Structure formats: structure tokens, C-alpha cells
Amino acid sequence: MKLIILGAPGSGKGTQAEKISQKLGIPAISTGAIIRETVAEGTPAGKAAQKYIESGNLLPDDVIIAMIEERLAQPDCSNGYILDGFPRTLPQAEAAEKMGIEVDKVLSMEVADSAIVERLSGRRECEACHTPYHVLFNAPAKENVCDKCAGRLICRKDDEPETIQKRLNVYHTQTEPLKEFYEKKGLLVTARGHEEISDTTKEVFSVLGI
Ligand code: AP5
């Protein structure tokens with residue numbers, strides 16, 4: 001299975017990518033997580049990326065395309081993968097096609113903007129393995145400790161209310177048009193973000209036929 005997940009910030013892309021990854025044994029590739037790793041390295045490229053990410057803007061298409069090309073060349077991608085956060089613009093989608101990326105499905109996660117702020121303000125993320133949690137909806141067994149790797153849970157800097165609004169605007173103007181792009185190709189399936197993560201996962205598995 002080669003899959004793209006589209007959706008607004010906080011729509012549950014990362015959460016569902018993790019569930020699909022576990023079920024199918026294929027890697028979930030989050031461009032956001034790769035960028036945050038680069039930022040943590042503190043290199044000039046990382047510092048440049050930090051400005052985009054913390055202001056809620058997208059990084060330049062050429063930077064992201066090079067990043068994806070390098071990641072997909074790694075051996076763990078040979079049996080399939082889940083792209084969480086790529087493509088996010090029409091030029092990225094076109095570049096993906098030119099790279100020969102042929103996906104089986106494009107899953108769009110549908111969640112109302114009004115639910116997004118609540119989700120993102122309670123989000124915590126493992127500093128080490130990037131597994132997402134929520135203080136109310138998906139709490140770890142031990143407060144602030146990752147269930148999977150015992151890493152420390154942190155808040156993301158781009159989860160400030162003003163930045164969330166900016167990211168939502170960017171999503172609606174630059175990424176949402178991709179739904180039509182993939183619908184015309186007969187690849188689009190949609191799933192609603194339910195209040196319970198497990199209900200969302202059931203719908204996701206059902207629309208993907210897995
Ligand atoms: P990225 O890290 O991809 O952020 P995002 O798209 O804004 O999405 P999020 O990670 O915030 O949310 P999510 O949909 O994964 O939701 P999650 O599962 O965590 O990108 C960050 C930045 O990197 C971008 O702003 C941009 O600057 C840059 N970037 C990345 N890709 C790029 C690209 N291709 N081009 C250019 N720039 C790029 O869930 C959110 C919370 O809700 C969690 O706490 C979770 O536990 C909870 N939750 C999930 N599902 C449910 C549910 N059903 N019910 C209740 N709570 C739920």
C-alpha cells in the first residue's frame with residue numbers, strides 16, 4: 001500500500017498514520033517530523049526551517065521535494081509507505097508524479113475547524129519517536145512519558161492559538177485544492193474525525209479496505 005494522507009493541522013493525520021503503519025507494517029513518513037528533526041540539529045538549514053514552521057507557513061516546495069526523494073530511497077519504503085503531510089501544494093503533487101510516486105489511495109481526514117484548536121492545544125508529542133498524544137483524548141499511561149519508547153512528551157511551538165489559525169488558513173488555500181486534484185484521478189477517499197480515536201480508525205480502515 002502506498003498512501004497519501006491529506007488533512008488540516010490537527011485532523012489526526014499523524015495519529016491515523018501510526019495506526020495504519022502498525023496494521024500494514026509499512027513506514028509512516030511525516031514531513032513535519034523530518035523538518036522538526038532538522039530544526040533540532042541546529043544547522044543553518046534547520047534554523048531556516050524553524051522560521052517557516054513556527055510561523056505556520058509552508059517550507060519552499062523544492063526543499064520538501066528533495067527531502068521526500070531522499071526518504072523514499074531508503075530500503076524500508078520498498079514495500080509501501082504512508083505519506084503524512086506530503087504533498088501539500090499543487091506543485092508538490094505534480095513533482096510527486098514526476099518522481100514516479102504512484103499511490104493506491106489518497107485519504108482525506110475531515111474535521112471541522114472548530115474542533116482543531118481543542119485538539120492541538122491538548123496535544124503532546126514524544127520528543128524521541130514523535131508519537132502524538134492528547135492530554136484528554138489519548139493520554140499516555142504515565143504522565144508526560146511516551147508509552148512506546150519512554151521518551152519525554154513535549155508541546156509543539158506551532159500549537160499556539162495564533163499559529164494554529166495561520167496553519168488552518170494555509171491548509172484551506174494551498175492544500176485543500178489537492179482533494180479535487182486526486183478526486184479527478186479516482187484516488188480520493190474520506191474519513192471523518194470522530195470524537196473517539198478508535199472510531200476514526202475503524203472508519204479509516206474501512207474506507208481503505210484494510
Ligand atoms: P505537520 O507536522 O505535518 O503538521 P500539520 O499538518 O499541521 O498536522 P499536525 O501534525 O499538527 O496534526 P495531525 O493532522 O498529524 O494530527 P495529530 O494526529 O497529531 O507540519 C508542521 C509544519 O511543517 C507545517 O506547518 C509546515 O510549516 C511544515 N511542512 C510539513 N510538511 C510540509 C510540506 N509538504 N510542504 C511545506 N511545508 C511542510 O492529532 C492532533 C491531536 O488531536 C493529537 O493530540 C491527537 O491525540 C488528537 N486526536 C487525533 N485524532 C483524534 C480524534 N479522533 N479525537 C480526538 N482527538 C484526536
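All values reported here derive from a predicted model rather than from experimental measurement. When a ligand or atom number is given, it counts from 1 through the structure's own listing order.
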> Under 4.0 Å, heavy-atom basis, I'd like to know which part of Ala8 is in contact with ligand 1: side chain, backbone, both or neither.
backbone

> For ligand 1 and Asp159, I'd like to know whether there is a polar contact (N/O to N/O, distance under 3.5 Å).
no

> If we only consider heavy atoms of Gly122, is any one of them less than 4.0 Å away from an atom in ligand 1?
no

> Please confirm whether Gly10 comes within less than 3.5 Å of ligand 1 when only nitrogen or oxygen atoms on both sides are compared.
yes

> In the protein, what heavy atom is nearest to atom 7 (O) of ligand 1, and what distance, to one decimal place, separates them?
Arg167 NH2, 2.6 Å

> Taking the basic N atoms (NZ, or NE/NH1/NH2) and the acidic carboxylate oxygens, is any pair closer than 4.0 Å for Lys166 and Glu54?
no

> Side chains of Thr163 and Gln165: donor-acceptor distance under 3.5 Å anywhere?
no

> Counting only heavy atoms from other residues, nucleotides and ligands, does the tally under 6.0 Å from CG of Asp76 exceed 12?
yes

> Of the side chain and backbone of Ile64, name the one, both, or neither that has a heavy atom under 4.0 Å from an atom of ligand 1.
side chain

> Can you find an N or O of Gly12 that's nearer than 3.5 Å to an N or O of ligand 1?
yes

> Check whether any N or O atom of Gly14, backbone or side chain, sits under 3.5 Å from an N or O atom of ligand 1, and answer yes or no.
yes

> Give the residue and atom name of whichever protein heavy atom lies nearest to atom 3 (O) of ligand 1, and the separation in Å to one decimal.
Arg88 NH2, 2.5 Å

> Return yes or no for this condition: an N or O of Asp84 is under 3.5 Å from an N or O of ligand 1.
no

> Using a heavy-atom cut-off of under 4.0 Å, does the side chain or the backbone of Tyr171 touch ligand 1, or both, or neither?
neither

> Examine ligand 1 and decide if any of its atoms is less than 4.0 Å from a heavy atom belonging to Arg36.
yes

> Would you please determine whether Gly7 falls within less than 4.0 Å of ligand 1 on a heavy-atom basis?
no

> Do Lys148 and Glu18 sit within salt-bridge range, that is, some charged N less than 4.0 Å from a carboxylate O?
yes

> With respect to atom 51 (C) of ligand 1, which of Ile197, Ile35, Leu168, Val170 exhibits the smallest heavy-atom separation?
Ile197

> Quick one: is the NZ or CZ of Lys185 closer than 6.0 Å to the six-membered ring centre of Phe181, and within 45° of its axis?
yes

> For atom 56 (N) of ligand 1, grab the closest protein heavy atom and report residue, atom and distance to one decimal in Å.
Phe137 CD1, 3.2 Å

> Evaluate Asp158 for polar contact with ligand 1, using N/O atom pairs at a separation under 3.5 Å.
no

> Just how far is it from atom CD1 of Ile64 to atom CD1 of Ile34, taken to the nearest 0.5 Å?
8.5 Å

> Does Arg123 reach ligand 1 with a nitrogen or oxygen that is under 3.5 Å from one of the ligand's nitrogen or oxygen atoms?
yes

> Nearest to atom 50 (N) of ligand 1, what protein heavy atom do you find, and at what distance?
Arg119 NH1, 3.5 Å

> Can you tell me if Arg156 has a non-hydrogen atom under 4.0 Å from ligand 1?
yes

> Counting only heavy atoms not in Lys19, do more than 12 fall under 6.0 Å of its NZ?
no

> Using modelled atom types only, decide if a donor and an acceptor are shared between the side chain of Tyr171 and the backbone of Arg88 within a distance under 3.5 Å.
no

> What verdict does the side-chain contact (heavy atoms from CB on, under 4.5 Å) test give for Lys13 and Leu6, after you've listed the backbone C-alpha separation in whole Å, the side-chain angles of each residue and the deciding distance to 0.1 Å?
CA-CA 7 Å; Lys13 300 183 296 296; Leu6 298 176; 5.8 Å; no

> What part of Thr15, side chain, backbone, both or neither, has a heavy atom within less than 4.0 angstrom of ligand 1?
both

> Please determine whether a side-chain nitrogen of the Lys or Arg among Lys2 and Glu102 lies less than 4.0 Å from a carboxylate oxygen of the Asp or Glu.
no

> Using only atom types and a distance under 3.5 Å, with no angle test, would you say the side chain of Thr200 pairs donor to acceptor with the backbone of His194?
yes

> Does ligand 1 have an atom under 4.0 Å from some heavy atom of Ala49?
no

> Short N/O distance, under 3.5 Å, between Leu59 and ligand 1?
yes

> Nearest to atom 31 (N) of ligand 1, what protein heavy atom do you find, and at what distance?
Thr31 OG1, 2.7 Å

> Report, as yes or no, whether the 6.0 Å neighbourhood of atom CD on Glu176 holds more than 12 heavy atoms from other residues, nucleotides or ligands.
yes

> Are Arg124 and Asp159 within salt-bridge range, i.e. N to O under 4.0 Å?
no

